[in-house]
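Structure record follows, encoded as C-alpha cells.
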Amino acid sequence: MRIPQNVIDQVLDRTDLVELIGARVPLKKSGRTFSACCPFHGEKSPSFHVRRDKGYYHCFGCQASGNAVTFLMQYENQSFMDALQQLAQHAGVTLPKVEDDKPQHHYKIKKITQPGPKSVAPATDALSVPLPSANPAIDTARSTVVDETYEQVPPPNWSIQDVGLPMNDSAYEADGLGATQSGDNSSPDAAPEEGNLYDLLEQVTLFYQLQLQRHLEARQYFTGRGLDGEACISWRLGYALGGWQHLQEAFPQHMEGLIQLGLIKLDKYGKYYALFRDRVMFPIRDHKGRVVAFGGRAMNNEIKPKYLNSAESVMFNKSRVLYGLYESKKARAEQWLMVEGYMDVIALHQAGIPGAVATLGTATNIDHLTLLFKQSPRLTLAFDGDTAGQNAAKRTLELCLPVLNDGRELRFLTLPDGQDPDSLVKIEGKAGLQRRIEQAPPLSDFLYNTLAPQYDLTHPEGKSHFMQEVQRHIEHLPKQGVYRQLLRQAMRERIGLSWKKPAHAMPVPLDFAQHSSRLEDKILILLLQYPFLADRFKQLSHIGIKYRLLEQLLQLIQQSGDYLPEDSEQATFFLLGAWQDNDTRSKICHLLESIDLAEYTHNPDRSPKPELLDSLAHDLFLQLQEQLMTQNLKAASSNLSMALAHKQQQIDAHIKRGLVIEQTGQKTTIH
C-alpha cells in the first residue's frame, strides 16, 4: 500500500513535534529550539534538539534525526505505517488506501510527428533555465535556480530587451516543452515518454512571464497597483493570453498534463479551452518553492470572477497551501500576518513587512493555522472593517480555538472600513502598519468585544448568559495546559466576578517593581490568584530554603489536586485557608491587598489578559531557574574553593614537616 506524499505532508503539518516528543522526553526551551538528553543514547548533557518550526529533531551526539514519523519508529519501535496511522488518528486525517504505485506527479507526453503550430512557446533557453527532466531529484532545487536567475535580471523599467528574451517565436522551436521540430520522424507506435508535472508547471510559469514582458497593458496594471519590476520578477508574475486555445498551441505534446493540472478544461461541446484568459497571473509556490498552481486576476473589475485559482489537483490542495509562505520563510520573517489577497501579500513584502501570507480562495482553516504556528507562536489575522470582514473574523475565532495550545498567541487586526493592507501600507507606510499589527488585540479581547454587546452585563442574568457563552467557546480549547482557566478567569474579572480588595487597601495599586524586588513575592502573588499556572514551575523539583514559602505553596497546590476549585477566586481562598502558619498567611494577605496583578502586566483596562499572564508565568519561571542555577554555581564554586584551600593547607603542612625533617638529618617520604 502506498500513501500519497501530500497526505503524509498533511499529517506532519498537523503534528506538533514538540508536543509529541515532549510527552515522552522532558524538553526545555533553548532559544528557537527545545533540548533534552537524547532518548536514543546515554548522555549527561543535552545534545538532542527539536525544532517546532522546521518539524524535525536532531541529536549532535548520535546523529539521530528525523520527523514525527521517524521519531515514533525509533522511540517506540513501530513500523512506518503504524507510526503514520497513530499520528493521522491524532491529527484527524483519514489515510486513503492506495493500491496503485504509479507515480502521482507523472503524465504521458504525446508524440507529434507533424510540425506544431507556429505560436508562442516557453522561453527556456532565454533565461538559462534547465530543460524539463522526469527526475524528481531536481524538483526541490529547481525553484532556487530559477529565483537566482531572476534576481540577476534588472528590476525596474523592464522590457523584453532588458531581460534578454527573444522577440520572435521561431527562436523557441525545438526548445523546452513546445512544438517539436518539423523533421521529427519518430514512430507513432513508439512508447510515449513520461513527463513530470513539476517541470510542466515550471515551463508554464516561464511562458506566462514571457507574455507579461510582451504585453504593455498587463505590465501597466501591475505598475498602477504600485509594484515595481523587481517585485514582478521575484514573485514570477505573468500574463495569460486572451485566446481560448493558447496553452494547447504552446504545449501540444502535454495536453494530458495540462488537463491533470486543471489548466485546460473541457466545455459542454467537447472542446478544450484554457482556464486562464486575459488575466495577470500569480504563480503559487509550495513550501519548497515549487510552483504547484496559479491564481489569475482580471484586469477589468467588471469581469467576474475577479480572482480565479487553479482547480485542486494531485499537486495542489488549496486548504494546505498559503500564498507567500515560501517567500516569507526565505526572508526569515519573524512577524506573521494572515491577509486576504495576492496583492496584499506582495505589497507588504515590497514595503519591508515579510511574513504576510494569504489563503487561496478558501476560508482560514486548522491546517493553515497549524502551518503558521510552526513558523511562530504569535500570529495576527487581518480582517476588513466591513460586515463581511467581521463575520469572517468571528468564524475564524470559532475555528482557531482547538489549536491554541499554551504559548500560542492569536491576534485580530481589524482594518479601517474601505481599506485593505495593500492600500493601508501606501497611506500609513511601513511604520504605521507595523504599529497597528503590534497593537492588534489578542483573542481574549476579541472574544469579549464580540460577546459582551449581546448581553446586559449590568444584571446577573446577563452576566450568567455571557459566561455560559464564554464557557461554550472555552470547551473547544485544548484540555491540556492553563489557557482554558486563564481565559475563563479573565472573562469573570471583566464582568466584576473577580478578587475584591478590602476597603482599607491602598488606593493606588502598586506593581511589583514598586513594592518588592523579591522574585519569590512575585511568583507567590501570581500563583495564589492563578494556581493552575503552577504547571509552569513543575520542572523545578527542589527550590531550596531561600524560597521556602514558594516551595510550600507549590507543594500545597500539588497536594490539593482535584480538591482545588477551578474558579480562581475560590482557589485563592482555599489555599489561604489550607495554610497552617498564621503569620505567613497574614504576610501573604498583605501582599494580595497591596499589589494589583493587572498593574504588573501593564494592562490599561486593569483586567489581566490570559496571554499576558501566561507569558508572565513563563518569564518568572526563567528568572527563577536562572537564579537557582547561579546559586548552585556559586555553591559549587565555594565548595571547590574550600576544598582547594584545604588541600593547599595540607600541602603546606607536608612541606613544612619535610623541611623540619631535612634539617634534623632524618629521611622520610611524603605521600
Checking ring pair (Phe, Tyr, Trp, His ring centres under 6.0 Å) for the pair Y239/Y221: CA distance, chi angles, key distance, verdict?
CA-CA 11 Å; Y239 171 70; Y221 173 82; over 10 Å; no
Set out, in order, the CA-CA distance, both residues' side-chain angles and the distance that settles side chain to side chain donor-acceptor pair (under 3.5 Å) for D82 and S79, then state yes or no.
CA-CA 5 Å; D82 288 341; S79 67; 3.1 Å; yes
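Within 6.0 Å of CD in E76 there are more than 12 heavy atoms belonging to other residues, nucleotides or ligands. Counting non-hydrogen atoms of neighbouring residues, nucleotides and ligands closer than 6.0 angstrom, the CD atom of E334 reaches no more than 12 such neighbours. Other residues, nucleotides and ligands contribute at most 12 non-hydrogen atoms within 6.0 Å of the NZ atom of K271. Residue E217 qualifies as open at atom CD: its count of foreign heavy atoms under 6.0 Å is 12 or below. Counting heavy-atom neighbours within 6.0 Å of H90 NE2, excluding the residue itself, gives a total of 12 or less.
Remark: R225 engages D422 in a salt bridge, criterion side-chain N to carboxylate O under 4.0 Å. Taking a cutoff of 4.0 Å between a charged side-chain nitrogen and a carboxylate oxygen, R320 and D286 do not qualify as a salt bridge. The pair D53-R51 meets the salt-bridge criterion, with a side-chain N (NZ, NE, NH1 or NH2) lying under 4.0 Å from an Asp/Glu carboxylate O. The pair E19-R24 does not count as a salt bridge, with every side-chain nitrogen at least 4.0 angstrom from each carboxylate oxygen.
Take P377 and apply the side-chain contact (heavy atoms from CB on, under 4.5 Å) test, not counting sequence neighbours, and it matches no residue.
Between H287 and K329, the closest side-chain pair of non-hydrogen atoms falls below 4.5 Å.
Between Y208 and F294, the ring planes lie perpendicular to each other; the angle is over 60°, past the 30° to 60° tilted range.
Considering all non-hydrogen atoms of both residues, P478 and P402 come closest at CG-O, 3.4 Å.
A donor-acceptor pair is defined here as one N or O able to donate and one able to accept, closer than 3.5 Å; such a pair exists between the side chain of R14 and the backbone of A91.
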